[in-house]
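Quick note: numbers below take in every heavy atom, side chains included, and nothing from hydrogens, waters or symmetry partners. Just so we're clear, the structure is a prediction, and the values are computed from it rather than from any experiment. Order of the sequence lines fixes the chain letters, A, B, ..., with proteins taken first and strands second; residue numbering starts at 1 for each chain.
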2 protein chains.
Amino acid sequence: MAVTLADVAARAGVSAATVSRVLNGNYPVAGTTRSRVLRAVEELEYVVNGPASSLAAATSDLIGVLVNDIADPFFGIIAGGVQSRIAPVDAPDPRGRKLAVVCTTGGSPEQELTYLTLLQRQRAAAVILTGGAVEDPAHQAALAAALRRIERAGARVVLCGRPPLSPPVVEDEGGARGEAATTIGPDGTEVALPRAADLPRPACLAFDNRGGARALAEHLISLGHREIGYLAGPAERTTTRHRLEGHRAALEAAGLADGAGDRVVHGRFDRDSGYEGARELLRRFPGLTAIAAANDTVALGACAALREAGLRVPEDVSVTGFDDLPFAAEAAPALTTARLPLHEAGARAGLLALGVEEPPPGGVAVIGTELRVRASTAPPPSGPRPARTD
Amino acid sequence: MAVTLADVAARAGVSAATVSRVLNGNYPVAGTTRSRVLRAVEELEYVVNGPASSLAAATSDLIGVLVNDIADPFFGIIAGGVQSRIAPVDAPDPRGRKLAVVCTTGGSPEQELTYLTLLQRQRAAAVILTGGAVEDPAHQAALAAALRRIERAGARVVLCGRPPLSPPVVEDEGGARGEAATTIGPDGTEVALPRAADLPRPACLAFDNRGGARALAEHLISLGHREIGYLAGPAERTTTRHRLEGHRAALEAAGLADGAGDRVVHGRFDRDSGYEGARELLRRFPGLTAIAAANDTVALGACAALREAGLRVPEDVSVTGFDDLPFAAEAAPALTTARLPLHEAGARAGLLALGVEEPPPGGVAVIGTELRVRASTAPPPSGPRPARTD
DNA sequence: TTGAAAGCGTTACCAC
DNA sequence: GTGGTAACGCTTTCAA
């Protein structure tokens, strides 16, 4: 059997209580007792039983981090930022380090809920939800309920790169928007929606996706582009909607709007989607001189499609991305993007999760983007576009 | 206070033992009792107390994953592979899902040891160590001791992308190699080394770094290159050494070896290092027609340096990478690399951690690389290289 | 400053 | 099939 507190206590000739106090450093202990205990710990190679101490103390050292995909650098960088604060390498004592339980939800609301329960079960000290949210009212209601449960259980909740939980606004047939009381769940049953006042209000670090997308579109417009395609992310996601709104706002401000949905193709947040989407844009809008992509990965796919179609970036078509992931700007040619400070955001989320940093006033802090203009954008070609080679 | 087993038992009119049995599904329970219990669980929104059950059952649902850097896709992809198996999305029951505790060690042996203790403390069911190891004998000894402790505590240990723990071979002054008994630790004290027979033998999925590097070098040689520079990773790491050995083996087999260390620059595994290293190679070896980089990230840095020096890839200088990370091949121009099946390796490591898959015979499975020849390599230029532009 | 002892919420063994 | 009841190893009053 493993070495226990009692073994250490016996060896040091003190009580278990004293050993506990030495190890936790919460109570005063005589220097000599203290060193005797520490020696016993060394000699016996004692390692605290985490579950036992979590049970007794009703807390744990675990912090849950929900991500869409841990293999995606967007989330990896955020997770790295979180870790930099919850487990600082220079922590004087290993006890100062929380452990990050990283959960890959694949963007699925069901997985998100499952993991929240799993984390609540572990009595995680905090839960950090990263990236955009799904906008389905039923899921939002379920999520709000799960988060409320978690908060009631004493865990902190932090949203990172995700807007605050929104009140259940539902559009009725007439297009009127109002606060709904119920909605129809995925299983066809009626689901009660939380009233705005009942929503949990977790600390929230929201990305300014609207602003970033708007800045990118304005950049393209200022270069002289008039026919700009947009490769949007999956529908029903806040990230997708906000970026698209920002993009359209810029078009409208420039008098370029000609109906909703125009020159927009929806897809996923991955490279293949960018490739397919760009091909579709080229087919449907032959006059296009620029493509704004939902993110860098999508933009790279779009670049590949353009290359394949015999079009040069940016001489024939300009392309913009979003997020500024490490490798992306390297891709041919250097990508113009809206940089999101992912690591810093993760770090702040970590501090909020620890309770070291106070939540921003109102609970929400908006994290801005920075426009990075690079070689993937240029003024539109003046002459007609060369014929496609395929 | 939170809802407990006893509350559920009271509500269902059964004993706590029965509730436990229903929830764990280990013992037969009458159907009617069962549904009564499940209803009570629903009604009370009961969530098991993980620490309590870990304490009682002496196991936990946590699996530790040690990575150099969670923001690096190399590790993110491996971690994703692990998760795909330890927490399958189609698990019929959330209890079938283990949680991954991802720990970023920054490649530091001290951090590695700290995290191993932290994970042992959590009574993690398994620990997966990913990526190359540091070769310092004192650290190897400490690591071996830590792993032995963990195994004795009942946790599985899996090495993924890391060679097996090596016996403490030390080279003495005369260059003779033998098994040493002690070495000098970082604090100057003498450290006992484990004898080969005492080493823990965790399940191990080793990457064929030698083979991959050798294949890349052979590819360059077959194209006609004779002056090939090498951008090595940090010294003292198995990954660095093995890749370099494979590279040199190819040069030797082709009669191109002219002394150890020639045309080799050491650095880190990052882009800046590739940039700096390539500049140094160009300075020291003006006749170079190819550069083999330790990995894709380093290769991208090298490409940037070449571009800046007015040299084209591959017309003037060919470049190779390693690992085949998603974005890398996209970087201008498409990179020739040795592809490592990172996701698959992680998935296998996950199965080994669960104990679902038996360790390979001998404990070690070697995972091969696949040569991906792309546009970054071509025959060397025939004429003299154009003068540098700076 | 230290010790004794009562929980913390499960699990698992032993009866019934 | 089900209930009673020791563990499990720690934290934290309460006394001394």
Side-chain angles (χ1 to χ4, degrees), chain A residues 1-38 40-41 44-62 95 117-118 120-125 153-154, chain B residues 1-38 40-41 44-62 94-95 118 120-125 153-154:
Chain A
M1 209 46 219
V3 179
T4 71
L5 245 206
D7 299 329
V8 176
R11 173 133 192 164
V14 298
S15 72
T18 300
V19 177
S20 171
R21 289 193 267 254
V22 169
L23 259 25
N24 292 305
N26 303 326
Y27 287 80
V29 174
T32 123
T33 314
R34 182 187 170 66
S35 51
R36 209 144 29 96
V37 168
L38 290 177
V41 167
L44 296 176
E45 293 188 333
Y46 171 67
V47 176
V48 178
N49 183 318
S53 91
S54 291
L55 171 58
T59 69
S60 83
D61 289 341
L62 302 177
R95 271 182 304 98
T117 304
L118 251 20
Q120 184 185 347
R121 174 176 169 150
Q122 296 294 336
R123 300 299 186 261
Chain B
M1 210 46 221
V3 180
T4 70
L5 246 205
D7 299 330
V8 176
R11 174 134 192 162
V14 298
S15 73
T18 300
V19 177
S20 173
R21 287 193 270 254
V22 169
L23 259 26
N24 292 304
N26 302 327
Y27 284 81
V29 174
T32 125
T33 314
R34 182 187 171 66
S35 51
R36 207 144 31 94
V37 168
L38 290 177
V41 167
L44 296 176
E45 294 188 332
Y46 170 68
V47 176
V48 179
N49 183 316
S53 92
S54 292
L55 171 58
T59 68
S60 83
D61 288 342
L62 302 177
R95 271 184 301 98
L118 251 21
Q120 184 184 347
R121 174 176 170 150
Q122 296 293 337
R123 299 299 186 261

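Checking side-chain atoms of Arg95(B) against main-chain N and O of Leu23(B) turns up a donor-acceptor pair under 3.5 Å.
For the helix from dT1(C)-dA16(D) to dC16(C)-dG1(D), the end axes, each set by the C1' atoms of five terminal pairs, are bent relative to each other by 30° (nearest 10°).
Contact annotation: Thr33(B) reaches the phosphate of dT2(D) (side-chain N/O to OP1 or OP2, under 4.0 Å). Within the structure, a side-chain polar atom (N or O) of Thr18(B) is placed less than 4.0 Å from OP1 or OP2 of dG3(D). Using a 4.0 Å cut-off, no side-chain N or O of Asn49(B) falls inside it from OP1 or OP2 of dC8(C). Taking side-chain N and O atoms only, Ser15(B) has no distance below 4.0 Å to OP1 or OP2 of dG4(D). Distances shown here put every side-chain N or O of Asn26(A) at or beyond 4.0 Å from the OP1 or OP2 atom of dT11(D). Phosphate contact (OP1/OP2 of dG9(C), side-chain N/O of Thr4(B), threshold under 4.0 Å): absent.
In this view, Arg11(A) and Glu43(A) satisfy the side chain to side chain donor-acceptor pair (under 3.5 Å) rule, not counting sequence neighbours. With sequence neighbours left out, Ser15(B) forms a side chain to side chain donor-acceptor pair (under 3.5 Å) with Thr18(B). Scanning for side chain to side chain donor-acceptor pair (under 3.5 Å) contacts around Arg21(A) gives an empty result, with sequence neighbours left out.
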For nucleotides 14-16 of chain C, tabulate all protein N/O to nucleotide N/O atom pairs closer than 3.5 Å, reporting atom names and distance.
none

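Comparing Tyr27(B) and Val48(B) along DNA chain C, the residue whose closest nucleotide (by nearest heavy atom) sits nearer the 5' end is Val48(B). Heavy-atom nearest nucleotides on DNA chain D were determined for Ser54(A) and for Gly31(B), and the one closer to the 5' end corresponds to Gly31(B).
Among residue pairs with one or both ends in residues 47-61 of chain B, those qualifying as side-chain hydrogen bond (donor to acceptor under 3.5 Å, both in side chains) are Asp61(B)-Lys98(B); sequence neighbours excluded.
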side-chain contact (heavy atoms from CB on, under 4.5 Å) evaluation trace for Arg123(B) with Val47(A)
CA-CA 10 Å; Arg123(B) 299 299 186 261; Val47(A) 176; 4.2 Å; yes
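Side-chain atoms of Val22(B) and Leu38(B), non-hydrogen and from C-beta on, do get closer than 4.5 Å to each other.
Surrounding CZ of Arg36(A) are more than 12 heavy atoms belonging to other residues, nucleotides or ligands, all under 6.0 Å away.
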